[in-house]
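Order of the sequence lines fixes the chain letters, A, B, ..., with proteins taken first and strands second; residue numbering starts at 1 for each chain.
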2 protein chains.
Amino acid sequence: MLPVARPRTFDEDRALDAAMRAFWINGYEATSTQDLCEATGLGRSSIYNTFVSKRDLFRRALTRYMDAMNEAQFALLDDHDRSPLERVRAVLDRVVATEAGLGCLTVNTTVELAGRDTEIAAALERDTAQRLARMSAVLAAGQRDGEIAGGRDPDALARYLVAVISGIRVAAQGGADRAALEDIAATALDALV
Amino acid sequence: MLPVARPRTFDEDRALDAAMRAFWINGYEATSTQDLCEATGLGRSSIYNTFVSKRDLFRRALTRYMDAMNEAQFALLDDHDRSPLERVRAVLDRVVATEAGLGCLTVNTTVELAGRDTEIAAALERDTAQRLARMSAVLAAGQRDGEIAGGRDPDALARYLVAVISGIRVAAQGGADRAALEDIAATALDALV
DNA sequence: CAAGTTTTGTACAGATCGATCCAAAACAAG
DNA sequence: CTTGTTTTGGATCGATCTGTACAAAACTTG
């Protein structure tokens with residue numbers, strides 16, 4: 001009495017990853033549903049049956065991206081084998097290494113959609129708040145150790161660093177080479193010591 | 001022998017300004033030709049007759065934006081009544097004051113189009129190179145005066161500052177309030193002294 | 001194998017996209 | 001006023017957009 005019917009022939013998370021990359025490279029508006037079909041290898045029916053709409057698919061892709069990025073970044077920030085300043089440096093190094101060429105889906109979405117889609121703007125703000133809090137905690141620890149300059153509020157320092165990371169990503173998308181990005185990151189750390 | 005025919009009933013520069021604002025607020029893809037008609041108050045024929053295509057209109061609007069922004073910024077950088085560091089501070093102050101809410105068309109375009117339109121990417125790179133050169137010159141002067149730390153190449157410092165400015169603009173578009181932007185700008189200057 | 005349920009491919013709907021066409025309107029020159 | 005030229009408004013083009021409808025295919029269960 002419980003026929004389970006035809007199962008899916010694709011993996012939902014893999015499809016989500018493919019869609020995420022498509023949005024990442026071309027942005028929300030410039031990625032058509034046809035592009036999404038080709039990127040995922042799925043037919044229109046499968047996409048709409050699974051993800052409801054292009055916007056909903058984008059929101060899921062965005063949260064997947066944020067979760068993955070934050071997991072990696074928080075792992076570096078919580079690495080107890082390094083000092084706070086070294087952790088911050090590791091985060092910046094990773095940004096420089098990762099963002100070579102294409103930018104960052106979070107920054108791209110902030111620029112493209114935050115002013116127009118309040119729901120997405122709210123998700124981005126939650127994400128930013130999380131990153132700020134974790135960064136601020138590490139900076140405060142560095143200040144207690146005396147490793148990081150104590151003249152400023154750790155929240156202000158965190159806002160500064162998050163802004164610099166956005167700036168690095170914009171610079172990368174604008175064509176800056178890796179050496180230039182490394183210069184930016186290294187100079188940014190001068191403000192902490 | 002030289003009939004001059006029907007003259008235009010609109011001002012080309014005003015139309016360009018209106019189009020620029022439309023692109024600025026919503027981005028290139030999300031601004032339709034219909035939106036451009038409403039923003040400028042012109043009919044489709046007038047727009048296409050004057051600006052050839054949506055893309056050409058965008059390119060003209062973008063260069064107009066860059067010219068206006070650079071003129072204001074270079075005026076601050078060349079203000080001989082202030083010291084080099086004070087000029088840099090003035091530039092950052094202006095960015096914070098200007099970018100309250102909507103971001104910056106240059107940053108937006110870098111994120112939305114630089115990866116996809118080589119011609120626009122080239123225009124953006126020329127603009128960035130100009131800003132870097134002017135900024136670097138002022139920083140070098142500050143280093144000669146001893147007002148700015150001499151430990152780093154002025155070009156590297158300039159890249160850093162331009163990236164911070166991009167970061168401030170992204171933060172603004174992400175909803176950061178003015179106090180937060182001021183914190184970022186003030187902290188950024190710590191790296192120079 | 002048969003029944004029941006979901007997926008999948010295809011075709012298509014309705015709207016909107018950028019861009020063009022064309023005739024009427026508007027103006028300068030003679 | 002006539003002539004010549006350009007602008008202007010409106011209709012319209014073909015392409016493409018997101019999303020839906022529907023029937024055939026595929027698979028599990030009894």
Chemist: Over all heavy atoms of both residues, which pair between Trp24(A) and Asn108(A) is shortest? Give the atoms and the distance, please.
Modeler: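 Nearest pair, atom of Trp24(A) first, then Asn108(A): O-ND2, 3.5 Å.
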Chemist: Specify the residues of residues 44-58 of chain A, ordered by number, for which at least one heavy atom lies under 4.0 angstrom from an atom of DNA chain D.
Modeler: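 Contacting residues: Arg44(A), Ser45(A), Tyr48(A), Ser53(A), Lys54(A).
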Chemist: Got more than 12 heavy atoms from elsewhere within 6.0 Å of CZ, Arg116(B)?
Modeler: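 It does: Arg116(B) CZ has more than 12 such atoms within range.
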Chemist: Starting from P on dT16(C), measure out to CD on Glu29(A) and report it in whole angstrom.
Modeler: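 Between P of dT16(C) and CD of Glu29(A): 14 Å.
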Chemist: Expressed as a whole number of angstroms, how long is the span from Gln34(B):CD to dA19(C):P?
Modeler: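 It works out to 14 Å between those atoms.
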Chemist: On the nucleotide dA26(D), are OP1 or OP2 found under 4.0 Å from the side-chain N or O atoms that Thr9(A) carries?
Modeler: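 No, no such contact exists.
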Chemist: For a quick check of understanding: with a heavy-atom distance under 4.0 Å over all strands, which category does Thr33(A) fall into, base, sugar-phosphate or nothing?
Modeler: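 Counting heavy atoms under 4.0 Å across all strands, the contact made by Thr33(A) includes a base.
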Chemist: Strictly below 4.0 Å, N to O, side chains only: are Asp183(B) and Arg152(A) in salt-bridge contact?
Modeler: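 No.
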Chemist: Phosphate oxygens OP1/OP2 of dT7(C): is one of them under 4.0 Å from a side-chain N or O of Arg8(A)?
Modeler: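 For Arg8(A), the contact criterion (side-chain N or O under 4.0 Å from OP1 or OP2 of dT7(C)) is met.
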Chemist: Does the distance from a Lys or Arg side-chain N to an Asp or Glu carboxylate O, for Asp93(B) and Arg89(B), drop under 4.0 Å?
Modeler: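 Result for this pair is no, no salt bridge flagged.
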Chemist: Find the distance Glu38(A):CD to dT18(D):P and express it as a whole number of Å.
Modeler: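 From Glu38(A) CD to dT18(D) P: 12 Å.
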Chemist: Output the rounded distance in Å from CG (Asp11(B)) to P (dT7(D)).
Modeler: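 One finds 15 Å between P of dT7(D) and CG of Asp11(B), rounded.
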Chemist: Round to the nearest Å and state the distance from Leu42(A) atom CG to dG19(D) atom C1'.
Modeler: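 It is 16 Å, rounded to the nearest whole Å.
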Chemist: Between Phe23(A) and Tyr28(A), how do the two ring planes meet: parallel, tilted or perpendicular, split at 30° and 60°?
Modeler: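 Rings of Phe23(A) and Tyr28(A): parallel, under 30°.
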Chemist: dT7(D) base to Arg6(B) side chain: any donor-acceptor pair below 3.5 Å?
Modeler: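 Present.
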Chemist: Scan side-chain atoms only and decide if Ser46(B) and Asn49(B) contain a donor-acceptor pair under the 3.5 Å cut-off.
Modeler: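 There is no such pair (donor and acceptor under 3.5 Å, judged by atom type) between the side chains of Ser46(B) and Asn49(B).
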